[in-house]
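Below: the structure, in structure tokens.
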Amino acid sequence: MDYFKMYKDIWELHKKYIDKVDSRDDEIWKSIIVEANELTKKYNNCKFIKNLVMAELEEFERLHHERTK
């Protein structure tokens, strides 16, 4: 497993969407899910990448709720 590459890919996902998570646009959220799924497939659905992706998605959701109150 190339942990550095996995962290880099998660960081890229984070940078791409962190400023968009306050959006109510469903297309943004669909894009996030599609890219998250692509990442898990890229690394053969290994548990480590799944956990990283889920942590990022949970953070996006937390921020969305915080910013759109």
Of all residues at least two apart in sequence or in a different chain, which pass the salt bridge (charged side-chain N to carboxylate O under 4.0 Å, His left out) check with E38?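 Counting only residues at least two positions away or on another chain, E38 forms no salt bridge (charged side-chain N to carboxylate O under 4.0 Å, His left out).
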
For E27, which residues count as a salt bridge (charged side-chain N to carboxylate O under 4.0 Å, His left out) partner, sequence neighbours excluded?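 Checked E27 against salt bridge (charged side-chain N to carboxylate O under 4.0 Å, His left out); matches are K30.
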
Checking [X] now: which residues fulfil side-chain contact (heavy atoms from CB on, under 4.5 Å) with it, not counting sequence neighbours?
| X | answer |
| --- | --- |
| K5 | D2, D9, K42, Y43 |
| S23 | D25, I28 |
| K15 | W11, E12 |
| D22 | R67, T68 |

Qualifying salt bridge (charged side-chain N to carboxylate O under 4.0 Å, His left out) pairs, either residue in residues 53-64, two or more places apart: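 Listed by first then second residue: E59-R62, R62-E66.
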
Residue pair I49 / L39: nearest heavy atoms and the distance that separates them: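 So the two residues come closest at CG1-O, 4.1 Å.
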
What pair of heavy atoms forms the shortest contact from V21 to W29, and how long is it?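 Heavy atoms of V21 and W29 come nearest at O-CZ2, 3.2 Å.
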
Distance (rounded to the nearest 0.5 Å) between [X] [atom1] and [Y] [atom2]:
| X | Y | atom1 | atom2 | value |
| --- | --- | --- | --- | --- |
| N44 | M1 | CG | CE | 10.5 Å |
| N51 | T40 | CG | OG1 | 11.5 Å |
| N45 | N37 | CG | CG | 9.0 Å |
| I32 | H14 | CD1 | NE2 | 11.0 Å |

Taking side-chain hydrogen bond (donor to acceptor under 3.5 Å, both in side chains) as the definition, give me every residue that meets it alongside K8, ordered by chain and number, with sequence neighbours left out.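 K8 satisfies side-chain hydrogen bond (donor to acceptor under 3.5 Å, both in side chains) with no other residue.
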
With sequence neighbours left out, write down each residue that passes ring-ring contact (aromatic ring centres under 6.0 Å, His included) with [X], or none if nothing qualifies.
| X | result |
| --- | --- |
| F4 | none |
| H65 | none |
| F48 | Y3, Y7 |

Are L13 and V34 connected, step by step, through hydrophobic side chains (Ile, Leu, Val, Met, Phe, Trp, Tyr) whose heavy atoms are closer than 4.5 Å?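 L13 and V34: separate clusters.
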
Any side-chain heavy atom of S31 within less than 4.5 Å of one from K20?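 No, their side chains stay 4.5 Å or more apart.
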
